[in-house]
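Position 1 is the first residue of the sequence, and the numbers go up from there.
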Amino acid sequence: RVLHLAAQASVPASWLDPRATLEGNLLSTHNLLEAVRAEAPGARVLVAGSGEQYGPVSPERLPVDEHEPLRPQNPYAVSKAASDLLAGFYADAHGLAVVRTRAFNHAGPGQSETYVVSTLARQIAHAELDPPAGGRVEIALGNAAARRDFTDVRDVVRAYWLLLEHGAQGVFNVCSGASTAIADIVAGLARHTSLGLDQRTDPARVRKHEVMEIRGSYDRLTEATGWRPEIALETMLGDTLDWWRQRLAAGERT
């Protein structure tokens with residue numbers, strides 16, 4: 001089993017240095033697939049892609065399935081689309097047992113604060129260490145109206161493993177099938193803290209070419225493996241906040 005998860009995965013960082021993202025993500029995929037072809041051609045390989053590859057999709061075509069044309073809207077998404085195509089080429093041209101996943105937003109305990117759920121949870125956990133007068137804290141976020149399809153990372157990992165265990169090949173979305181506004185993520189986190197949360201839009205967190213709604217279909221994944229998401233969004237939010245509380249209490253207070 002080979003799971004190719006390595007990538008420069010930050011959309012904002014990809015805008016700052018598109019070339020590094022494009023070269024790093026595509027060439028690392030090429031290097032890995034070439035190594036498998038040369039040294040372990042019988043291995044099952046999973047190349048992790050992203051729901052970002054689809055870009056904007058009209059509401060009548062949501063939830064998006066794997067037949068949707070790719071229309072990436074940022075350098076990171078372009079790099080993942082290119083890696084996806086390269087993996088498909090290695091399957092076709094060299095007969096490698098490659099499965100390509102397009103995972104939509106996933107979050108949970110252990111995630112870097114580069115990503116929206118984790119950065120919001122961290123801000124709350126940090127404020128809890130020294131609660132402000134009045135018990136209210138301002139939370140900085142990007143476009144609060146943007147809607148994303150969130151899946152708990154533990155469900156995502158289970159999907160990856162099941163695809164390899166079943167010897168699946170081709171392309172599979174990994175997603176929840178539902179979209180949630182970022183403002184509602186804040187509201188969900190608010191149910192797990194005694195602090196009052198006030199939302200503030202931080203222009204630095206607003207993405208260029210923002211896709212306002214991303215929502216996928218996981219029907220093909222279910223047909224191939226029986227997988228369905230099991231961990232509720234509310235549980236994921238609470239677990240993520242608890243993880244940051246533990247981490248900050250252990251000394252990472254800045």
For the pair [X] and [Y], find out whether any cationic side-chain nitrogen is under 4.0 Å from an anionic carboxylate oxygen.
| X | Y | answer |
| --- | --- | --- |
| R220 | E223 | no |
| R148 | E213 | no |
| D155 | R228 | no |
| R102 | E66 | no |
| E230 | R158 | yes |
| R61 | E68 | yes |

Donor-acceptor pair, [X] side chain versus [Y] backbone, under 3.5 Å?
| X | Y | result |
| --- | --- | --- |
| T222 | W227 | yes |
| T193 | A190 | no |
| Q111 | H106 | yes |
| K80 | A48 | yes |
| H166 | L162 | yes |
| R44 | E165 | yes |
| W15 | P75 | no |
| T119 | Y115 | no |
| D239 | P109 | no |
| D17 | A20 | yes |

For the atom pair [atom1] ([X]) and [atom2] ([Y]), what is the distance rounded to the nearest 0.5 Å?
| X | Y | atom1 | atom2 | result |
| --- | --- | --- | --- | --- |
| F150 | S179 | CZ | OG | 9.5 Å |
| R245 | E128 | CZ | CD | 4.0 Å |
| L70 | Q53 | CG | CD | 5.5 Å |
| E52 | N74 | CD | CG | 5.0 Å |
| T180 | L237 | OG1 | CG | 8.5 Å |
| L248 | W243 | CG | CH2 | 8.5 Å |

Student check: side-chain heavy atoms of [X] and [Y] closer than 4.5 Å:
| X | Y | value |
| --- | --- | --- |
| P229 | I231 | no |
| F89 | H94 | yes |
| V47 | T101 | no |
| L141 | V186 | yes |
| Y160 | V174 | yes |
| L22 | Y76 | no |
| L26 | L86 | yes |
| M236 | T240 | yes |

Q) Please walk me through it: do N105 and T151 pass side-chain contact (heavy atoms from CB on, under 4.5 Å)? A) CA-CA 6 Å; N105 292 66; T151 307; over 6 Å; no
What about [X] and [Y], same hydrophobic cluster or not, with Ile/Leu/Val/Met/Phe/Trp/Tyr joined at side-chain heavy-atom distances under 4.5 Å?
| X | Y | answer |
| --- | --- | --- |
| I185 | V137 | yes |
| L164 | V156 | yes |
| V211 | V11 | no |

What closest approach, in Å, do [X] and [Y] show between heavy atoms, and which atom pair accounts for it?
| X | Y | value |
| --- | --- | --- |
| T21 | S14 | OG1-CA, 3.4 Å |
| G108 | V153 | CA-CG1, 4.2 Å |
| R100 | D84 | NH1-OD1, 2.7 Å |
| A224 | F172 | CB-CE2, 3.6 Å |
| Q73 | G55 | CG-CA, 4.1 Å |
| S79 | N25 | OG-ND2, 2.9 Å |

Q: List the steps and the verdict of side-chain contact (heavy atoms from CB on, under 4.5 Å) for W244 and H126.
A: CA-CA 8 Å; W244 272 111; H126 187 266; over 6 Å; no
(Q) Before you tell me yes or no, could you show the steps for E113 and S118 under side chain to side chain donor-acceptor pair (under 3.5 Å), namely the whole-Å CA-CA distance, both residues' side-chain angles and the distance that decides it to 0.1 Å? (A) CA-CA 5 Å; E113 63 181 300; S118 197; over 6 Å; no
[X] and [Y]: side chain donor to acceptor below 3.5 Å:
| X | Y | answer |
| --- | --- | --- |
| D149 | S176 | yes |
| H192 | E234 | yes |
| Y54 | N173 | yes |

Q.
Under the criterion side-chain contact (heavy atoms from CB on, under 4.5 Å), I'd like the reasoning laid out for L241 against L120: C-alpha separation, chi angles, the key distance, then a yes or no.
A. CA-CA 9 Å; L241 184 53; L120 295 172; over 6 Å; no
Q: Apply side-chain contact (heavy atoms from CB on, under 4.5 Å) to L163 and L221, showing your working.
A: CA-CA 8 Å; L163 284 166; L221 176 57; 3.6 Å; yes
Q | Identified side chain to side chain contact (heavy atoms under 4.5 Å, CB included) counterpart of L46 within the set V2, V99, V98 | A |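 That would be V99.
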Q) Crowded around R19 CZ? As in, over 12 foreign heavy atoms under 6.0 Å? A)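 Atom CZ in R19 is not crowded, with 12 or fewer foreign heavy atoms closer than 6.0 Å.
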